[in-house]
Structures are given as structure tokens and as C-alpha cells.
Amino acid sequence: MTTFKNWFFVQAFLWCCCFALSSQAQILNPPGELNAAVKETSLKLLTDFWNRDIPNQQKSKSLFAETEFKDPTLMLVFLLNRIHHNKAAEALDIAEELTLQYPKAVDGWVVKIWLQALMDRYDLAPVSIRTLKIEIDSANLNDQQLKQIYRRLGRLIGYFQGPVRSKVNQQLLEDTTQWVIRGIPNEILAIFEKNRNEVLQQHAELLDDQKERTDKELQKVQAQNEQETININNENQQLSNMESQLIPERQRISTESSAEISRLEQEGQSIELQLNQIASDILFSQQNLSQLYIDWNYLQTIPASQRGGIFFLNQQIRNAELNLAGLRSSSFGLSNQLVTISNQIARTRQSAQNQIRELDRQLKKLSATRRRNLNKLNRFAAGPEIADGKRAAMVNREISLRTYDDLSEELYRQDLLRYLR
């Protein structure tokens with residue numbers, strides 16, 4: 001098990017690997033043997049469970065939780081594992097725990113400050129920087145370690161003074177900066193200032209580059225808007241031409257269908273009048289025929305010698321039956337005509353409604369297109385604008401901590417693996 005005495009040697013190595021920026025980190029004063037369980041767990045976190053995927057994320061958390069003794073080496077390894085798996089919030093929690101349990105762990109404070117900056121915790125970062133300064137002053141660090149520390153602090157403070165200046169309390173940051181550089185050798189101060197100024201210069205160059213890119217993009221958008229304005233105007237003319245055809249066509253269909261329905265309704269009314277008259281004639285004919293049947297039946301009750309006029313009566317009955325049959329036939333035919341007319345009215349009305357509905361759909365579509373085109377023209381008139389996605393990408397690039405001070409977890413991993421193996 002690693003003792004607290006050996007911890008100074010552990011953190012000497014971790015300082016170096018934690019503060020490496022663009023060069024290879026080197027182990028200083030390698031510590032003694034680690035706890036076997038800690039070493040095995042650390043190796044798994046850096047190898048078997050290192051690749052980014054959901055199973056490895058869960059396995060890493062479970063393995064760390066199951067390890068009873070969590071020394072600063074293991075905590076830093078798991079901290080790097082969380083950063084590599086894009087779990088910055090979890091990494092910051094581990095960094096908080098690391099600095100709480102091992103307040104002398106200078107490397108833990110530096111990584112925590114970096115994570116606080118990454119997570120936009122600009123209110124806490126200056127406080128952590130002040131604590132880091134206290135730990136630096138109380139530790140017996142060599143020049144190489146101080147250079148590594150102040151190289152990163154210079155970049156972090158430069159980041160707070162430049163890219164995210166509007167989000168940081170600048171008075172507190174200035175006081176913190178003076179606190180941090182107090183009493184440090186000139187050589188260390190020069191490294192601090194060099195890295196701080198590099199970030200500020202990089203930010204200024206990035207702003208200039210983005211302004212140039214923005215101007216070019218706006219010119220490109222303006223040219224696109226001008227060409228699209230021509231296209232929209234041409235399309236609007238086509239829409240007007242189509243509308244000038246559809247509206248009269250709609251009126252024609254409405255007028256013609258109304259006229260045809262009116263004609264059919266009048267024809268139907270005429271047939272209904274005829275049917276009413278025929279119904280009256282049928283009733284009269286039935287009454288007449290009934291009387292003739294009564295007379296015929298009466299003649300059957302008297303002697304044949306007294307049945308004068310029965311031939312004439314038979315003829316009247318036959319004529320009445322033929323007349324009644326004709327009336328019924330006419331009524332049936334006229335009823336069929338009335339049904340036909342009713343069906344024609346329904347078909348004419350439905351056909352007109354379908355055509356008008358389709359024309360209305362087309363007119364509504366034309367109107368929606370015209371409104372959309374009008375909105376575009378109004379937007380173009382307000383001047384060219386960069387797309388939200390591109391604008392957001394530019395802003396993110398400008399204020400992203402990794403743009404100015406990237407934490408290479410892979411570099412840490414390789415150095416830790418050399419140490420653990």
C-alpha cells in the first residue's frame with residue numbers, strides 16, 4: 001500500500017504528466033511500489049476499459065466503485081478515464097474528491113481548475129487557483145515542476161482574460177493573478193506571461209480570422225440572396241400566371257355547375273307537376289273503373305234478356321283498364337326520370353365540389369408559396385446573415401477551452417502506463 005510519505009513521489013510524476021501541453025511528459029522521482037489492487041485497477045481503466053463505448057463507461061465506474069482503497073494515483077487514472085469518455089461532470093466530481101482527500105495533490109488542483117474552466121464554473125476557478133498557489137508555496141517543487149504548473153496556469157488565466165472575459169469577474173481574476181505570480185522566479189514568471197500572452201494573441205488572431213471568414217461568408221450569402229431573389233421573382237410571376245388561370249376556371253366550374261343544377265331542378269319540378277296530375281288522373285280512373293265493375297256485376301244479377309247495353313259496358317271497362325294502365329306506366333316512367341335527374345344533380349354537384357376543392361388546394365398552395373417567398377424577400381432585405389449552425393460553430397470555437405489549452409488524456413495515459421508497468 002502506498003504511504004503518504006511516498007505520495008510526494010507519486011505526485012511529482014503526476015505533476016509532470018498532468019501539465020504536459022505539446023511535449024512528452026516525463027516521470028520525475030518514480031515512487032515505490034503501489035498497492036497491487038490499485039495497480040491492477042489502474043491498468044484496466046487505462047487499457048481494457050479505455051475505448052469510448054457505453055459498456056466500457058459502465059465497467060469503468062463499477063470497477064472504480066468496487067476498489068476499496070482509492071489512492072491519488074487511482075483517482076487520477078479514473079479522472080482521466082472519465083475525461084476520455086466525455087464525462088466531464090463526473091470527472092469534476094472525482095477531482096473534487098481527490099483534492100478533498102488529498103489536499104496536497106497539486107496535480108489534482110490543476111486538473112480540477114481545468115475542468116472548472118471546461119464546465120463554465122468561472123466563479124470557482126479563481127478560488128481553486130488561489131488554493132493551488134498555497135499548495136505550490138508549501139511544497140518543495142523543482143524548477144521543472146514549477147515550469148509545468150505555471151505554463152498551464154498562464155494559459156488558463158489567459159483564457160479567462162480573453163475568450164471568456166465577459167463571463168469572469170475580472171477584478172477577482174486580476175487579484176488572483178497577482179496572488180499567483182507573487183514571489184516566483186523571473187524565469188518562471190516569463191513562462192507564465194509567455195503562455196498567457198500566447199492565449200490572448202491566439203484569441204485575437206482567431207477573432208481576426210473569424211471576422212475575415214464572416215465577411216467572406218456574408219459576401220457569399222449576399223450573392224446567394226441576390227440570385228435567389230431573381231429566382232423568387234420569377235417564381236412569383238409564374239404563381240401569378242397560374243393563379244390568373246385557376247381563379248377564372250374555378251368561377252367557370254361554379255357557374256356552369258350551378259346553371260346545370262338549376263336546369264335539372266326545373267326539369268324535375270316539371271316532372272313532379274306531371275306526376276301530381278297523373279296521380280290525380282289515376283285516382284279518378286280507378287273510381288270510374290270501380291263504378292263500371294259495380295254496373296257490370298249488377299247486370300249479371302238480371303236475366304240475360306234484360307241485359308241491354310252489356311256489350312257497350314264491356315267496352316267501357318276495357319277502355320278504362322287500358323287508360324289506367326297507361327297512366328300507371330307514365331307515372332313509372334316519370335318517376336324513373338325524376339330519380340335520374342336527382343342522380344344527375346348529385347353527380348354534377350359532387351363533380352363541381354371535387355374540381356373546386358382541387359382548385360382551392362392549388363390556390364392555397366400558391367398562396368403559401370407566395371407567403372414563404374415574401375418572408376424570404378423580407379429577410380434578404382434586412383441584409384445577409386450567417387446560418388445559425390455556422391455562427392454557433394464560430395462562437396464555440398472562439399470560447400472553447402480546448403482551442404487554447406487542450407488536456408491530452410492520451411499523453412497522460414501513455415506516461416501512466418510506462419509508470420504502472
Side-chain angles (χ1 to χ4, degrees), residues 1-2 6-7 10-11 13-21 24-25 27 31 33-122 124-125 128 152 156 392-393 396-397 399-403 405-421:
M1 179 181 296
T2 302
N6 287 335
W7 158 237
V10 175
Q11 74 171 5
F13 155 69
L14 295 178
W15 288 334
C16 182
C17 68
C18 182
F19 307 135
L21 294 173
Q24 181 67 40
I27 300 176
E33 292 294 326
L34 291 173
N35 176 282
V38 168
K39 186 174 182 180
E40 180 182 359
T41 301
S42 298
L43 285 172
K44 284 186 177 181
L45 291 172
L46 293 173
T47 55
D48 297 346
F49 304 152
W50 184 255
N51 291 336
R52 293 189 183 101
D53 57 43
I54 295 177
N56 280 343
Q57 285 186 22
Q58 299 302 323
K59 290 177 181 178
S60 298
K61 294 179 68 174
S62 298
L63 181 63
F64 181 75
E66 292 168 0
T67 304
E68 294 184 3
F69 178 68
K70 297 178 175 63
D71 76 347
T73 302
L74 176 58
M75 295 183 75
L76 181 65
V77 167
F78 185 58
L79 173 60
L80 296 174
N81 177 281
R82 294 296 82 195
I83 294 175
H84 183 68
H85 282 280
N86 298 321
K87 298 295 182 180
E90 295 180 14
L92 182 56
D93 290 341
I94 297 299
E96 294 282 4
E97 184 179 351
L98 173 58
T99 55
L100 179 64
Q101 294 187 24
Y102 302 95
K104 298 297 182 181
V106 179
D107 53 283
W109 285 105
V110 174
V111 176
K112 183 168 79 169
I113 295 168
W114 187 88
L115 285 168
Q116 286 172 338
L118 184 71
M119 298 292 294
D120 300 343
R121 301 303 305 272
Y122 306 123
L124 298 179
S128 297
R152 170 138 282 153
L156 286 171
N396 290 338
R397 180 167 174 253
I399 66 174
S400 172
L401 175 62
R402 290 186 180 275
T403 300
D405 185 27
D406 196 8
L407 193 84
S408 176
E409 61 267 22
E410 180 59 31
L411 180 62
Y412 297 154
R413 171 176 174 266
Q414 293 299 329
D415 222 36
L416 282 167
L417 287 174
R418 284 193 297 271
Y419 161 61
L420 292 170
R421 288 172 175 170

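In this text, all values refer to a predicted model and were calculated from it rather than measured experimentally. The figures here come from the full heavy-atom set of this structure, side chains too, leaving out hydrogens, waters and symmetry mates.
The two residues Leu401 and Ala117 have their closest heavy-atom pair at CD2-CB, 3.8 Å. Closest approach of Asn56 to Asn51, counting heavy atoms only: ND2-O, 3.0 Å. Annotation for Arg152 and Asp406: closest pair NH2-O, 3.4 Å, computed over non-hydrogen atoms. Looking at every heavy atom in both residues, Val77 comes nearest to Ser42 through CG1-O, 3.7 Å. The two atoms that bring Lys70 and Ala65 nearest to each other are NZ-O, 3.8 Å, heavy atoms only.
The closest donor-acceptor contact from the side chain of Trp50 to the backbone of Leu43 lies at 3.5 Å or more, if one exists at all. At distances below 3.5 Å, at least one donor-acceptor pair connects side-chain atoms of Thr67 with backbone N or O atoms of Leu63. Under the 3.5 Å distance criterion, the side-chain polar atoms of His85 are matched with a main-chain donor or acceptor of Phe49. Judged purely by atom type and a 3.5 angstrom limit, Asp405 has no side-chain atom pairing as donor or acceptor with the backbone of Leu156. Looking at Lys61, its side chain never comes within 3.5 Å of a backbone N or O of Arg82 through a donor-acceptor pair.
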Candidate pair Phe78 and Leu76, rule side-chain contact (heavy atoms from CB on, under 4.5 Å), full reasoning: CA-CA 5 Å; Phe78 185 58; Leu76 181 65; over 6 Å; no
Check against side-chain contact (heavy atoms from CB on, under 4.5 Å), Tyr102 and Met75: CA-CA 10 Å; Tyr102 302 95; Met75 295 183 75; 3.9 Å; yes
Asn86/Arg52 under side-chain contact (heavy atoms from CB on, under 4.5 Å): CA gap, chis, key distance, verdict: CA-CA 8 Å; Asn86 298 321; Arg52 293 189 183 101; 3.8 Å; yes
Leu416 and Leu80: CA distance, side-chain angles, deciding distance, side-chain contact (heavy atoms from CB on, under 4.5 Å) verdict: CA-CA 10 Å; Leu416 282 167; Leu80 296 174; 3.4 Å; yes
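The CZ atom of Arg121 lies 14.0 Å from the CD1 atom of Ile113; values are rounded to the nearest 0.5 Å. For the atom pair CD (Gln57) and CG (Asn81), the distance works out to 9.0 Å, reported to the nearest 0.5 Å. Note that NZ of Lys59 is 7.5 Å distant from CG of Asp53, once rounded to the nearest 0.5 Å. We find the CG-CD distance between Leu115 and Glu96 to be 9.5 Å, quoted to the nearest 0.5 Å. In this structure, NE2 on His84 lies 13.5 Å from CG on Leu79, to the nearest 0.5 angstrom. A distance of 6.5 Å separates CG of Leu92 from CE of Met119, quoted to the nearest 0.5 Å.
Looking at Ile83 and Leu118, their side chains never come closer than 4.5 Å, going by heavy atoms from C-beta outward.
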